[in-house]
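Here is the structure we will look at.
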Amino acid sequence: MSTRIAFLKGHGTENDFVIVPDPENAIDLPPAAVAALCDRRAGIGGDGLLHVVRSAAHPEAMGMAAEAEWFMDYRNGDGSVAEMCGNGVRVFARYLQRAGHVTEGDLAVATRGGVKTVHIAKDGDVTVGMGRAVLPEGDVTVSVGERSWPARNVNMGNPHAVAFVDDLSHAGDLLSPPPFSPADAYPDGVNVEFVVDRGPGHVALRVHERGSGETRSCGTGACAVAVAAARRDGADPTATGAPATYTVDVPGGTLVITERPDGEIEMTGPAVIVAEGEIDADWLEAATSA
């Protein structure tokens, strides 16, 4: 390992990430190292980490290399591996543009949730094709304190429980994962969204992200919320034949989610790189072994 490792810091609607470029997959990033880097007091700080690797160089992405040159090896802030991160894909694409690997227009990004299509617009916004939602059968309930709500089970490549509430303060402090039932509904944990209405086609949310706690934004969560809202509102595009678009306010900004009649979902929002520098490899080794 070299004595210093390049990194960048970026965010999408204030869902922030440590970015580690590593085209040939040469940097070892065990969970403890990721958690140390994402620590907001002792490390760089981030909701998660974007490990930038060529698909052909990563064993989990080799099968997607013909479709997508780059693989987003995404990790949660606690070091655990995640399938997908919608805000992360936008920031990942912005990094590739900044580094000169891609230009404005269309590209494909490999993720553990499959290959995602991305469009970098001239105005700076990035649109990500998020795929189709899966709506598992069965009733789910989420709770905070003495309150409980029915929740829509939505899978966007990662699991979500969407609960419509009267006030976002009812979500509590979201420091710990909100309890859910039945216990076997989400064997690997779940992202929980609490949602209020702001107007026609306009909602706002707070979210507890599995492995990260409350975050300022969650892209897959915003998509899950739009899907759940469309079903609640009788605007299911697969039934009506018309696209459904929702403006979704998150604590860190605004995302626009469109679900098409074929079920494909697109998410549009900003992506910003705010800094770049070097990680001291000796510090990282010490933090990892502590």
Side-chain angles (χ1 to χ4, degrees), residues 13 83-87 89 113-114 116-117 127-144 147-168 170-171 174 177-210 215 217-251 254-269:
T13 50
E83 302 92 339
M84 240 294 285
C85 176
N87 288 318
V89 173
K116 304 302 177 184
T117 57
T127 298
V128 179
M130 300 291 286
R132 294 174 169 84
V134 175
L135 302 173
E137 296 290 337
D139 296 329
V140 176
T141 300
V142 298
S143 303
V144 175
R147 292 188 173 96
S148 295
W149 302 269
R152 169 72 77 163
N153 189 349
V154 182
N155 194 293
M156 287 297 309
N158 55 0
H160 296 267
V162 180
F164 292 91
V165 300
D166 294 328
D167 192 301
L168 289 179
H170 292 171
L174 290 182
F180 61 84
S181 63
D184 61 356
Y186 304 105
D188 298 316
V190 64
N191 305 287
V192 182
E193 288 80 27
F194 298 89
V195 188
V196 296
D197 289 297
R198 295 289 191 227
H202 189 180
V203 296
L205 67 80
R206 287 178 63 199
V207 57
H208 182 282
E209 283 199 64
R210 176 185 56 169
T215 60
S217 179
C218 177
T220 55
C223 293
V225 165
V227 168
R231 273 63 180 172
R232 180 201 61 172
D233 297 341
D236 176 357
T238 62
T240 66
T245 296
Y246 281 82
T247 298
V248 182
D249 294 337
V250 296
T254 298
L255 297 166
V256 177
I257 312 297
T258 297
E259 184 181 8
R260 303 198 308 248
D262 63 2
E264 290 291 331
I265 298 168
E266 293 182 339
M267 174 184 63
T268 300

Is any side-chain heavy atom of Leu205 less than 4.5 Å from a side-chain heavy atom of Val248? yes
So, using ring-ring contact (aromatic ring centres under 6.0 Å, His included) as the criterion, who are the partners of Tyr246 when residues are at least two apart? none
Not counting sequence neighbours, which residues clear side-chain contact (heavy atoms from CB on, under 4.5 Å) with Ala224? List them please. Val154, Met156, His160, Val162
Test salt bridge (Lys or Arg N to Asp or Glu O under 4.0 Å) applied to Arg206 - qualifying residues, sequence neighbours left out: Glu214
Within-4.5 Å side-chain heavy-atom neighbours: Phe180 and Val190: yes
Of all heavy-atom pairs linking Met84 and Val89, the shortest is SD-CG2, 3.6 Å
Taking only residues two or more places apart in sequence, or in another chain, which ones meet Asp249 in a salt bridge (Lys or Arg N to Asp or Glu O under 4.0 Å)? none
Check the angle between the aromatic planes of His170 and Trp149 and answer parallel, tilted or perpendicular using the 30° and 60° thresholds. parallel
Test of understanding: with side-chain contact (heavy atoms from CB on, under 4.5 Å), list the residues that count as partners of Thr268, not counting sequence neighbours. Asp125, Thr127
Any residue meeting side-chain contact (heavy atoms from CB on, under 4.5 Å) with Pro187, in chain and number order, not counting sequence neighbours: none
Taking all atoms of both residues into account, what is the closest heavy-atom pair of Ile265 and Cys223, and its distance? CG2-SG, 3.8 Å
Could you pull out all residues at least two apart from Glu209 that satisfy salt bridge (Lys or Arg N to Asp or Glu O under 4.0 Å)? none
Sequence neighbours left out, what passes ring-ring contact (aromatic ring centres under 6.0 Å, His included) with Phe164? Give chain and number order. none
What verdict does the side chain to side chain contact (heavy atoms under 4.5 Å, CB included) test give for Thr13 and Thr254, after you've listed the backbone C-alpha separation in whole Å, the side-chain angles of each residue and the deciding distance to 0.1 Å? CA-CA 7 Å; Thr13 50; Thr254 298; 5.9 Å; no
Backbone of Ala183 reached by a side-chain donor or acceptor of Ser181 within 3.5 Å: no
Val225, Asp167, Val142 screened by side chain to side chain contact (heavy atoms under 4.5 Å, CB included) with Phe194, the one that passes: Val142
Among all residues two or more places apart in sequence or in another chain, which pass the salt bridge (Lys or Arg N to Asp or Glu O under 4.0 Å) test with Asp197? Arg232
Donor-acceptor list for residues 129-141 side chains, cut-off 3.5 Å, not counting sequence neighbours:
unit_1, atom_1, unit_2, atom_2, d
Arg132, NE, Asp262, O, 2.8
Arg132, NH1, Glu264, OE2, 2.6
Arg132, NH2, Asp262, O, 3.1

My understanding is that only residues two or more places apart in sequence, or in another chain, count here; which of them pass side chain to side chain donor-acceptor pair (under 3.5 Å) with Arg231? Asp236, Glu259
For Pro243, side-chain contact (heavy atoms from CB on, under 4.5 Å) partners two or more places apart: Thr258, Pro261
